[in-house]
Amino acid sequence: MAAWWRTLVLVAAAAADRQVASIGAYPGYAGDLAVSGVVVVSETDGGIEMTGTLTGLEASVTGGYHIHSGTTCASADDVGGHYFEGMADDPWTTNYESDSVGVSQTSLSLDDFTLDGAYPVAGRAVVIHAADGTRIGCGVLEDAVYASIGPYPGYAMMQSATLGPYPGYDGDLAVAGSLMVMQTDAGIELTGTLGGLEALATGGFHIHSGTTCASADDVGGHYYEGMDADPWTTNYDSDASGDASVSLALDNFTISGAYPVAGRAVVVHAEDGTRIACGLLADISGHVMVAQAGGDIAVSVAIADGPLGPAAGGAHVHSGTTCASADDVGGHYFEGMADDPWTTTYDAYDSTTAGAATFDVAGGFTLNGDYPVEGRAFVIHNEAGARVGCGVLSELSPTAAPSRLPTPVPTALGDPTPTRAPTALNPGWVGTYFAELAPYPGYAGDVDVQGYVIVDQKLYENSGVSSRYVDGRGCYVRVDGRLSNLEAGATGGFHVHTGTSCANVTAGVDPVGGHYYEGDYVRDDPWTVVEWTTSSGCGSDCDNEGAAFEFAFGLETLGRAVVVHAADGTRVACGVLGLGLPTPAPSTAAPTPASPAAPNAAPTQPPTTAAPTTRTAAPTVPSETAYEAAMGPYPGYDGPLDVSGAVTFTVQRYPAAADRQTASIGAYPGYAGDVAVTGSVVVSETDGGIQMWGALAGLEASVAGGFHIHSGTTCASADAVGGHYFEGMADDPWTTNYESDSVGSSTTSLSLDDFTLNGAYPVAGRAVVVHAADGTRVGCGVLASAAPTVKVLGEFVDGFAGLEASASGGFHIHTGTTCADAAAVGGHYYAHDAGAVDPWFDTKYETDAVGAVSGTVAAFVDFDLPIAGRTVVVHDAAGARVACGVLEALGDAGGGDDDDDGPPWSSATILIVAVGAASLAVIGLVVAAMVRRHPAPPPEPAVAHPTKEMPAEMA
């Protein structure tokens, strides 16, 4: 049976969008079948989806599976018939299919039904029929939490197969049973029990190459592809009753590595070689439901395809809130209680791979009140007590996730002004977040990691990254570790975790949690491959030399904890993802001149009742200054490469946008409560009014609160902030709200008519106020114009050659001003001491089959440092410095003059975006200008931002 639980997309649905039913015996049914299970009904855009696990059915049959009109299973008279009142036709021709031990895992969709709207199914009865139509099972849909069970962390090294008839076999034997395959150091071990065989016979049982038992043609032959000889001479010996127990070991095979057997068919042969039974190896799967039952909780368990064993096993709620790591699942959850109530078990029946149970647990547990179980791990043990299955109980009332991702309008990376229409995107899926690192709580070791982790979430259709989400659209993250003080010559992980704090473990609860990936759009843990890497010669202050990681990921990371691990896996550093750059160190640069649109300045134009006018923005044309470095051998390099050619860098200066202002949100003046709001709000002028985009963190969890522009032009004093700004309008339009998620983050987009920035009803320079759910003013920021944008483009001139063939390496501007001495070339050049992150980690060239480079471009937004006279270094694929040159001015490229040919660079471009020192551009809905910058200086300012001479090993 396939491990279809991996495709569930319902765990994060809101309670109003989901109900669960625990299936038991139909009222009055007295037959031999003992049906039990869990069925989940979730509302979708076009109807409902039903998924679940049923046990105790007839073996290998098809039977009905329907929602009925009644709202109780107490009396057969009250269950009613199929529910389709008001519809033209009865849609309930839906069925389940059971396997050879009477287990079925179901998934089906029906249009038009809802939970509480048109054709509502909430609170109605789910009925299970036998193959002959007899009603044998019933359960009522109710609000509850549930978990989809998958392998316990570490038990992905075990799979099991439930056997049924071989496709097309019509003989007298009815083989049933199960086999388990476990990974060992040398290979695999197969164990299991078989029934229904010939008496006192010997026959083969083997793993075949196919991955289905649906068609005899597709089962294939013995699986030993790539091996020298066929090892499948393995046999069973049956007893006088036709039963057999099997146990054998085979070398070289693995579950999912070399010679993988996961998902393949297990075949049983009769004594004469006839294929008589077949089953597919699969992970454990199933469902668990927990409902409130007075002062207790009621638990329903239904497990299929599990390495359980023939006897009862444990089924318990554990203290952890993740199944990502065995270390984080924790022990039985009964914190604060006198005794451990988790002696509860399921019963295995007719098979070593399936189990079911229904039981109450006393002691005062609730779903989300005292002793809450929602969000905690539910663990399944086999008969020997080993933890083999795990799933996280859903929240009872979590924030609803979008049922399908919106189609975005892609923007070229590096554009100084976002051009994507805000209404085309879901604001919950775009953002750039930073986590500044500090020692992990309780860690007292020698690894003192410094730096930041950057998570950039984007939403592009057909983004080209590997899909890990169900919808198939381009929602992904880019994770970059700007880390220093790491161990030398080592590799370690850095990951986003489920928690929202880096505080110490308190009362047994770990606020950091395990890897964050559970939810609608992520099937497997993507964080296992996200690692930092250092070279062996970097001493005790090593920087991460690994590239950024990019993969599909559909969960919001704002407000989550980031953990950095040492090479041995120890958690050594932690930070929480927020909206802005870390606070920069004090700058020794010249003071910033007063800005024409200072934060506390009065609005540029007084209010007026004149009708708004349509504005057409002038095209944005940058001024450009170009520099070129003629490259020669790096000082002291005596390797095989003979690099020749030139590299150009062009500085482009874009004027500040006249149709947009940004407010950086901080604490409201005089507010002393517990809500610590931070974030950014951007107001852009449209043809008919204004558009507001906001990204906020530190709010109350899962609430709605006000989000308004006020009449004041300062946040220095509560008295001066004023009330809602709508002077001259007939009515107050500021009924606008944000909605926060479960960690107190919010991304908001809204439009308002008639307002402008500097025309009628001007909002430029005014205060933006954020309110708590009870109306208290908790956050404030003043709208101000962003500084001009500076972009630096770096490119290889056509004809650059002499590098390794079909390879990739780095090229960077360094702090030095000469290539005569290796010691004077310096490290990466950027405003390190001003709090910037290093933008040079990702600048890579790619060579062709003869070692030439054609037109690779690096683009840096807000890289406002003088580059004339600085060194440019080119590295080989291994990171060695092989070429060096000094940048010299080519002259003004003309500021967009069509008659000026400009510098001789190639027209082919590949954009690699990096974040600069002084401001952060969040491409998409939110443009967060968290740190004010200098106005545009002349092409070569005399005073530079402070820089730090970085060690050569950084590059």
Side-chain angles (χ1 to χ4, degrees), residues 400 402 405-411 415 417-431 459 579 603-605 607-617 657-665 679-696 699 704-711 723-741 745-771 779-786 921-929:
L405 296 172
T407 302
V409 181
T411 297
D415 282 357
T417 303
T419 58
R420 283 187 276 179
T423 55
L425 292 168
N426 184 318
W429 299 96
V430 176
L459 183 60
L579 289 162
T604 313
Q605 189 170 331
T608 173
T609 57
T613 58
T614 301
R615 291 155 299 278
T616 302
D659 60 350
R660 183 180 69 242
Q661 287 200 333
T662 304
S664 180
I665 303 298
S680 184
V681 174
V682 181
V683 177
S684 291
E685 194 163 305
T686 65
D687 283 345
I690 58 172
Q691 179 86 31
M692 293 180 69
W693 307 315
L696 305 172
L699 302 162
F707 169 65
H708 317 128
I709 295 179
H710 282 229
S711 59
H724 294 180
Y725 173 61
F726 63 106
E727 180 181 346
M729 294 182 171
D731 300 303
D732 183 352
W734 296 107
T735 57
T736 51
N737 289 313
Y738 63 83
E739 292 186 1
S740 66
D741 62 16
S745 299
S746 176
T747 47
T748 303
S749 177
L750 58 94
S751 299
L752 291 100
D753 293 339
D754 300 329
F755 291 104
T756 67
L757 281 177
N758 296 300
Y761 311 116
V763 299
R766 298 194 186 274
V768 176
V769 175
V770 179
H771 299 256
C780 188
V782 176
L783 290 167
S785 296
V922 177
I923 301 173
L925 292 179
V926 183
V927 179

Audit row: Val770, Leu699, side chain to side chain contact (heavy atoms under 4.5 Å, CB included) steps and yes/no: CA-CA 9 Å; Val770 179; Leu699 302 162; 4.0 Å; yes

For a side chain to side chain contact (heavy atoms under 4.5 Å, CB included) check, start with the C-alpha distance between Leu752 and Ile709, then their side-chain angles and the critical distance, and finish with the verdict. CA-CA 11 Å; Leu752 291 100; Ile709 295 179; over 6 Å; no

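Nearest heavy-atom pair across Leu757 and Pro762 is O-CB, 3.3 Å. Closest non-hydrogen pair, Leu783 versus Val763, comes out as CD1-O, 3.5 Å. Residues Thr736 and Leu750 approach most closely at CB-CD2, 3.8 Å, considering heavy atoms. Between Tyr738 and Gly706, the shortest heavy-atom contact is CE2-O, 3.4 Å. For the residue pair Val782 and Gly765, the shortest heavy atom distance occurs at CG1-O, 3.3 Å.
The SG atom of Cys780 lies 7.0 Å from the CD1 atom of Ile665; values are rounded to the nearest 0.5 Å. In this structure, His708 NE2 and Met692 CE are separated by 9.0 Å, a value rounded to the nearest 0.5 Å. Between the CE atom of Met729 and the NE2 atom of His724 there is a distance of 13.0 Å, given to the nearest 0.5 Å.
The aromatic rings of Tyr761 and Phe755 lie perpendicular to each other, with more than 60° between the two planes, well past the 30° mark.
Under the rule for a side-chain hydrogen bond (donor to acceptor under 3.5 Å, both in side chains), His710 has no partner lying at least two apart in sequence or in another chain. With sequence neighbours left out, Asn737 forms a side-chain hydrogen bond (donor to acceptor under 3.5 Å, both in side chains) with no residue at all.
Using modelled atom types, one side-chain atom of Ser746 and one backbone atom of Glu739 make a donor-acceptor pair closer than 3.5 Å. Of the possible polar contacts, none joining the Ser684 side chain to the Gln691 backbone as a donor-acceptor pair under 3.5 Å is found.
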